[in-house]
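A quick write-up on the structure given underneath.
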Amino acid sequence: MNDHSFTKGAIAALPLVIGFLPVGIAFGIIAREMGISLFYSVLMSSVVYGGASQFMMLNMFAKGLGFFEIIFATFVINFRFFVMSLSMNQLLKKVPKRWKTLLSLGTTDETFAVASINNTKPNVYYLGGLFLTSYVSWILGTLTGALLSTIIPSNISESMSIALYALFIGLLIPAVTTSWKLGLLAVMSMMLNGLFSGWLLINSGWSMLFSTLLGSLIGVFVFKGGKQHD
Amino acid sequence: MIDSILLIILGMSLVTMIPRFLPVWIVERFIMPAWVKLWLSYIPYAALGALIFPGILTIEGGEPWIGLSGGILAACLVLLRLNILFVIFGSVITVILFKTFL
């Protein structure tokens with residue numbers, strides 16, 4: 001029974017793996033091109049496990065920026081995981097704390113989205129399968145890219161980043177067709193993010209965090225008293 | 001000698017991992033009001049919106065319509081109730097075709 005859930009979680013990770021592998025490969029290639037060793041490239045993907053921040057690190061490293069600038073920018077970009085982990089924690093009420101802690105370390109935009117949507121109360125084995133498969137695919141992608149950096153040009157692998165957007169769209173649309181409120185929330189959050197990052201030129205990490213918090217908060221007040229989504 | 005890249009990696013790891021696990025440890029110490037729980041339940045949908053837009057426009061630098069076309073095609077395939085894997089492949093092929101031939 002439990003093995004069955006683990007396998008189901010691993011299968012649910014498949015669309016995510018299709019996105020993670022090429023982006024991981026792109027990261028591995030670019031990291032090697034920047035002169036970062038194979039070991040450090042793979043180590044970064046293993047202990048940081050945050051695509052946007054890792055690409056940003058390469059960019060800042062290439063510009064010669066130092067330790068504190070890079071660490072602070074990473075914190076800013078990845079602080080959204082706090083909110084995602086907080087939201088996901090609500091789904092895991094009865095799970096033992098050590099498991100929750102372990103799972104929380106696998107929080108990414110993609111794992112959070114797959115775990116939260118279409119799955120009102122996911123169990124710990126399902127999440128284990130989903131999170132572990134995703135994590136391994138990110139590391140394997142990086143390793144492949146770092147090994148083949150002289151053979152594959154990074155731009156081919158990069159154009160596959162559309163895969164992750166297609167995954168997000170595939171998660172969002174079925175949810176919003178069942179409830180127009182959720183669609184309105186998502187659109188408001190998109191507009192806020194466009195406004196903050198495109199017009200006010202706020203750092204993309206903060207922008208995404210604020211628009212997520214505000215977009216969902218608007219929902220609380222606008223839809224108050226209405227049918228609660230659960 | 002202390003390796004600066006290793007220090008950067010470990011520092012990045014620390015500031016990324018702490019926000020991830022902190023909620024698990026603080027949630028048990030507070031009783032959350034109902035409206036906060038409701039707020040948290042809306043977060044996945046708002047987050048998906050913010051993750052999609054405007055990031056999807058930046059897939060190909062200077063050519064926002066490439067990402068936009070891939071996204072619109074993905075949305076159409078989803079509405080046709082195709083499996084998510086077909087949706088992903090469809091959008092990837094669209095983007096590759098646009099980049100190759102236009």
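Note on naming: letters A, B, ... go to the chains in the order of the sequence lines (proteins, then strands), and numbering restarts at 1 for each one.
- When side chains are defined from C-beta on, A/Ile18 counts as touching B/Leu85, because their heavy atoms get closer than 4.5 Å.
- A distance-only check finds a donor-acceptor pair linking the side chain of A/Ser189 to the backbone of B/Ala46 [under 3.5 Å].
- Ranked by heavy-atom pairs under 4.5 Å with chain A, the list B/Thr94, B/Leu57, B/Leu51, B/Val36 is led by B/Leu51.
- Considering only heavy-atom pairs separated by less than 4.5 Å from chain B, the leading option among A/Phe168, A/Phe75, A/Phe196, A/Phe79 is A/Phe168.
- Only the side chain of A/Phe61 comes within contact range of chain B, with heavy atoms under 4.5 Å apart.
- By number of non-hydrogen pairs under 4.5 angstrom with chain B, the leading residue of A/Ser104, A/Ser37, A/Gly183, A/Ala166 is A/Ser104.
- With A/Tyr165 contributing its side chain and B/Ile59 its backbone, the two residues share no donor-acceptor pair below 3.5 Å.
- You'll find the side chain of B/Ile56 reaches within 4.5 Å of the side chain of A/Ile169, heavy atoms only.
- The CZ atom of A/Phe68 sits 10.5 Å away from the CD1 atom of B/Ile8 when rounded to the nearest 0.5 Å.
- Residues of residues 83-90 of chain A lying under 4.5 angstrom from chain B, judged on non-hydrogen atoms, are A/Val83, A/Met84, A/Ser85, A/Leu86, A/Ser87, A/Asn89, A/Gln90 in numerical order.
- The 12-atom threshold is exceeded at CZ of A/Phe67, counting heavy atoms of other residues, nucleotides or ligands nearer than 6.0 Å.
- Here the side chains of A/Val187 and B/Phe53 are not in contact, with every heavy-atom distance at 4.5 Å or above.
- Counting non-hydrogen atoms of other residues, nucleotides and ligands closer than 6.0 Å to CH2 of A/Trp206 gives a total above 12.
- Of all non-hydrogen atoms in A/Ile173 and B/Ala75, the two that sit nearest each other are CD1-CB, 3.4 Å.
- The shortest distance between side-chain heavy atoms of A/Ile162 and B/Ile66 does not fall below 4.5 Å.
- Residues B/Arg20 and A/Leu105 approach most closely at CD-O, 3.4 Å, considering heavy atoms.
- In terms of heavy-atom pairs under 4.5 angstrom with chain A, the leader among B/Ala47, B/Ala50, B/Gly67, B/Ala74 is B/Ala50.
- B/Phe86 CZ: 12 or fewer foreign heavy atoms inside a 6.0 Å radius.
- Of the atoms belonging to B/Ile26, it is side-chain heavy atoms, and not backbone ones, that fall under 4.5 Å from chain A.
- Put simply, of A/Leu209, A/Leu192, A/Thr74, the one with the most heavy-atom pairs under 4.5 Å next to chain B is A/Thr74.
- Put simply, of B/Val78, B/Leu6, B/Ile9, the one with the most heavy-atom pairs under 4.5 Å next to chain A is B/Ile9.
- Separation of atoms CG (A/Leu167) and CD1 (B/Ile88) is listed at 5.0 Å; rounding is to 0.5 Å.
- Looking at B/Val24, both its backbone and its side chain come within 4.5 Å of chain A, counting heavy atoms on both sides.
- Here CG of A/Leu14 is found 9.0 Å from CG of B/Asn83. Values are rounded to the nearest 0.5 Å.
- The closest side-chain heavy-atom distance from A/Phe112 to B/Pro44 is below 4.5 Å.
- None of A/Thr107, A/Thr108, A/Asn78 except one satisfies the side chain to side chain donor-acceptor pair (under 3.5 Å) rule with B/Thr16; the exception is A/Asn78.
- Both the backbone and the side chain of B/Val92 come within less than 4.5 Å of a heavy atom of chain A.
- Contact count versus chain A (heavy atoms, under 4.5 Å) is highest, among B/Gly11, B/Ser13, B/Gly70, for B/Ser13.
- Side-chain contact between A/Leu171 and B/Tyr45 is absent, with no heavy-atom pair separated by less than 4.5 Å.
- Both the backbone and the side chain of A/Thr101 come within less than 4.5 Å of a heavy atom in chain B.
- For A/Thr177, the part lying under 4.5 angstrom from a heavy atom of chain B is the side chain only.
- Note on A/Ile70, A/Ile218, A/Leu213: by heavy-atom pairs under 4.5 Å with chain B, the leading option is A/Leu213.
- When the candidates B/Leu22, B/Leu79, B/Val15, B/Leu14 are compared by the number of heavy-atom contacts under 4.5 Å with chain A, B/Val15 comes out ahead.
- Between B/Tyr42 and A/Leu182 there is a side-chain heavy-atom pair separated by less than 4.5 Å.
- Only the side chain of B/Ile84 comes within less than 4.5 Å of a heavy atom of chain A; its backbone N, CA, C and O stay farther away.
- Residues B/Met17 and A/Val47 share a closest heavy-atom pair of CE-O, 2.8 Å.
- The choice from B/Leu10, B/Ile43, B/Leu82 that makes the most heavy-atom pairs within less than 4.5 Å of chain A is B/Ile43.
- Cation-pi check for A/Lys97 over B/Trp25 is met; the charged atom lies under 6.0 angstrom from the ring centroid and within 45 degrees of its normal.
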